Amino acid sequence: MRFEKEIRILISEALKSLYDIEYSSSDILLQETKKEFVGDLTLVVFPFTKQSKKSPELTAEAIGKFLVGKQSLISGFNVVKGFLNLEIQDKLWFDYFKKVSSDSSELFDPAKAYSDKVRSGKLMVEYSSPNTNKPLHLGHVRNNLLGYSVSRILRAAGNEVSMVNLINDRGVHICKSMLAWQKFGNGETPQSAKMKGDHLVGKYYVLFDKKYKAQIASLLERGLSEEEADKQAPLQHEVQEMLRKWEAGDPETIELWKRMNSWVYAGFEETYKALGVEFDKIYYESETYLLGKEIAAKSLEQGVFYKKEDGSIWIDLTDVGLDNKVVLRADGTSVYITQDMGTAQLRFDENPGLEKLIYVVGNEQDYHFKVLKEIFRKLGRPWADGLYHLSYGMVDLPSGKMKSREGTVVDADELIAEIVEQAEMTTKAMGKLDDYDSEEARKLYHDLGMGALKYFILKVDPKKRMLFNPAESIDLNGNTGPFIQYTHARIKSVLSKGKKVLGENPEFQDRKMSTEEKALIKLIYNYPDTLQAAAENLSPALMANYAYDVAKSFNHFYHDHVIVDENEKETSAFRLRLSELTSAVIKQSMSLLGIAVPERM
RNA sequence: GAUCUCGUAGCUCAAUUGGAUAGAGCAACUGCCUUCUAAGCAGUAGGUUGUGGGUUCGAUUCCCGCCGGGAUCACCA
């Protein structure tokens, strides 16, 4: 049941009959009436005044009269300047409420919630995509939370979505940590070092850089130029040699590689678990980096690519405002984009009917993905336009940019531990729990800490660069995850009191709604539209802000109304049902953000 | 140098994709717990939307210039 659709049809009838204007109902723009004015939906009439040849006020007046006279849908209207504010019959709001409260699938099942049939598209979301040479940091956290949430939102909106990860597990940077461990590690393992595997490997990556710099420094002292020093440093040679061995499949090197990578995966696994993200399939770059060469070779014949004298293969993208781009080196080896060409082809081959491949990758790679898409356009792949780069902004710190060299990177594991600890301290200070060390309490601390972190990150429009202030992220008041979680727990508490006083599912009749009650019903009614907007824009932020609005609106209602009153059973029954539905909407919205809401806190 | 992108209250973010008097939270100040969870609610204060033009009934939103931040432009990934 969507009121807007019917009203649009009525308005287009009004335009036709009053002014003989042909206006398709789907083009009519209806917006929610601002709360300073009376009404539910507002039509902006300026666009019609040219043809109506009347003032905006008179035009609005005439359309309003037409609508009220026409049907029982609109009960009244008022005109402010060129804005026609329409009031929908209270009974219809109430009927809607009764319908969704008796069966919440009317709200959450996309097939039922939308009047138009939703199509079930087959989509793939690639996110996370870490390197195996260092642990995850704050930038990865935004990536993971976004990728997971976007996937959940797309699923909830009726799409078939597979979440995939592409792990960058090979290359010279991986060899650096391997070499450092081999030379200086003395057989250290995560067990012996009592360290998460990804952190241990990261330690050797940093160590490599340190030793390497030391070599350069001493070479410079001996009077070499920077360029020469760079070339002559022994570690540089050794690491190149290791990469050659790896590519040649040298058993010892491969074994070391496998061993250290397995440490990293165990570490990542833990972090992923804490973040609550998951994947349907994991791709490894070591298995995909050779893909794409074939595409380059074949398309040479097609004439899309061209070969330079030195044997390297290029594509000319200057006609679409991009540059010439290498897709295969002169020695026949792949560059970064060759591999992405291969994996994209592979994924569309493996998944017939795949409509969209969404890459959750930071906006520093905008150019790369423009090129990738353009290459496939030129190759004439029908799915080329289905490649979509969900380009999110960088995360800044109050101290500025995160720079690994300056050690200002915020480590994901440390961040999680700190924020959960903070939640524990605050919860204990509140003194509302019975047992602070139970498993349930531990889970609560985790859910609250992660709720704060996730909400803080996801409430910001993905496209925008954001500032991560650690002090504010653990804030629990105001526009925060814990505020919404608190509201949910509060509702649950009221519901259990209601059950004691009124029993299960008490009956209620049609009644006059207060403005706060109606405001809540209208917000609930907005859930499907919000979800759809979040899915279309790939924006969890819309869902986050919606959840906040609902929680805020409920608290307002809660403050002004007694929900459970033994002497007012009818009223209580209605308000309990409204509260219950509100909690369901909050829970569902938050779960799309990957945030759990507690029953008590 | 070229291309892209961002600039909204002291701070962090919104603004239904061109609509009404630009909204929230934090920080500051003031009230409200004998009641269903005060991690709450209500109020005060805070704005020339970087800047100058243009487009139109109407611009934070679209176009152009300028100022300021950021990113990219590798036979790195």
Side-chain angles (χ1 to χ4, degrees), chain A residues 29-34 36-37 42 44 46-47 49-50 55-56 80-83 85 131 168 170-173 285 289 308 310-314 321-323 325-331 333-337 339-340 362-368 370 391 393-394 396 398 401 423 426-427 429-430 432 448 452 456 459-461 463-469 471-473 475-480 482-487 489-498 501 526 529-530 533 537 541-542 545 548-549 551-552 554-556 558-565 572 575-576 579 600-601:
Chain A
L29 191 78
L30 272 181
Q31 53 188 299
E32 246 175 82
T33 303
K34 299 225 170 199
E36 309 92 271
F37 303 98
T42 296
V44 183
F46 291 110
T49 52
K50 254 181 207 154
S55 71
V80 182
K81 293 194 242 171
F83 298 88
N85 300 320
N131 289 338
N168 184 328
R170 62 160 286 280
V172 71
H173 51 298
E285 201 190 295
Y289 80 108
K308 280 198 176 174
D310 64 0
S312 56
I313 297 179
W314 295 68
L322 304 171
D323 249 325
K325 176 82 190 172
V326 190
V327 295
L328 215 56
R329 293 193 185 100
D331 63 7
T333 57
S334 309
V335 291
Y336 178 48
I337 201 149
Q339 182 237 163
D340 267 343
N363 63 10
E364 76 258 351
Q365 294 198 39
D366 284 354
Y367 186 79
H368 173 77
K370 270 188 199 163
S391 164
M394 296 289 99
D396 284 328
K401 291 175 66 176
T426 310
T427 305
M430 292 285 176
K432 289 181 186 172
L448 291 177
F456 187 85
K459 75 173 177 185
V460 182
D461 182 340
K463 292 193 284 288
K464 292 194 177 168
R465 172 177 272 267
M466 68 170 286
L467 188 121
F468 185 86
N469 187 328
E472 280 176 25
S473 72
D475 210 332
L476 310 172
N477 304 317
N479 189 358
T480 66
F483 166 82
I484 301 169
Q485 291 171 313
Y486 170 77
T487 305
R490 195 185 217 185
I491 295 173
K492 288 294 171 177
S493 168
V494 178
L495 291 178
S496 69
K497 182 188 170 190
V501 175
N526 283 343
D529 290 337
T530 305
N537 295 301
L542 297 177
N545 288 319
Y548 175 65
D549 281 345
K552 209 167 134 66
F554 179 83
N555 283 325
H556 184 57
Y558 174 91
H559 183 262
D560 293 351
H561 297 71
V562 175
I563 297 172
V564 182
D565 183 346
S572 299
R575 289 179 180 163
L576 276 168
S579 303
R600 292 180 57 199
M601 66 184 270

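Each chain gets a letter, A, B and so on, in the order the sequences are listed, and its residues count up from 1. Everything quoted here is computed from the prediction, not taken from an experiment.
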The side chain to side chain contact (heavy atoms under 4.5 Å, CB included) partners of Val564(A) (sequence neighbours excluded) come to Val494(A), Lys497(A), Val501(A), Leu576(A)

The salt bridge (charged side-chain N to carboxylate O under 4.0 Å, His left out) partners of Asp549(A) (sequence neighbours excluded) come to none

Contacts of Asp565(A) meeting salt bridge (charged side-chain N to carboxylate O under 4.0 Å, His left out) (sequence neighbours excluded), chain-then-number -> none

The salt bridge (charged side-chain N to carboxylate O under 4.0 Å, His left out) partners of Glu472(A) (sequence neighbours excluded) come to none

Next item on the list: Find out whether Val44(A) and Phe83(A) are in side-chain contact, i.e. whether some heavy atom of one side chain is under 4.5 Å from a heavy atom of the other.
Entry: yes

Symbol by symbol from the 5' end, with Watson-Crick or G-U pairs under 3.5 Å, [ ] crossing and | another strand, RNA chain B is (((((((..((((.....[...)))).(((((.......))))).....(((((..]....))))))))))))....

Base orientation of rU48(B), chi within 90° of 0 counted as syn, else anti, reads anti

Base orientation of rC29(B), chi within 90° of 0 counted as syn, else anti, reads anti

Note: for Phe37(A) and His561(A) on RNA chain B, the residue whose nearest nucleotide lies more 5' is Phe37(A)

Residue set satisfying side chain to side chain donor-acceptor pair (under 3.5 Å) with Thr33(A), at least two apart, ordered chain then number -> Thr42(A)

Hits for side chain to side chain contact (heavy atoms under 4.5 Å, CB included) against Thr333(A), two or more places apart or cross-chain, chain-then-number order -> Arg329(A), Asp331(A)

Letter by letter from the 5' end, nucleotides 38-47 of chain B scores (B base, S sugar-phosphate only, - none; protein heavy atoms under 4.0 Å) SBSSS-----

Its contact letters, B for base, S for sugar-phosphate only and - for none at protein heavy atoms under 4.0 Å, make nucleotides 9-19 of chain B read ---SSS-BB-B

For Arg490(A), the salt bridge (charged side-chain N to carboxylate O under 4.0 Å, His left out) test, sequence neighbours excluded, returns none

Show the distances under 3.5 angstrom between N or O atoms of the protein and N or O atoms of nucleotides 2-5 of chain B.
none

Taken in chain and number order and not counting sequence neighbours, the residues that satisfy side chain to side chain contact (heavy atoms under 4.5 Å, CB included) with Lys34(A) are Glu36(A), Phe37(A)

Which whole number of Å gives the distance between the C1' atom of rC13(B) and that of rA22(B)? 14 Å

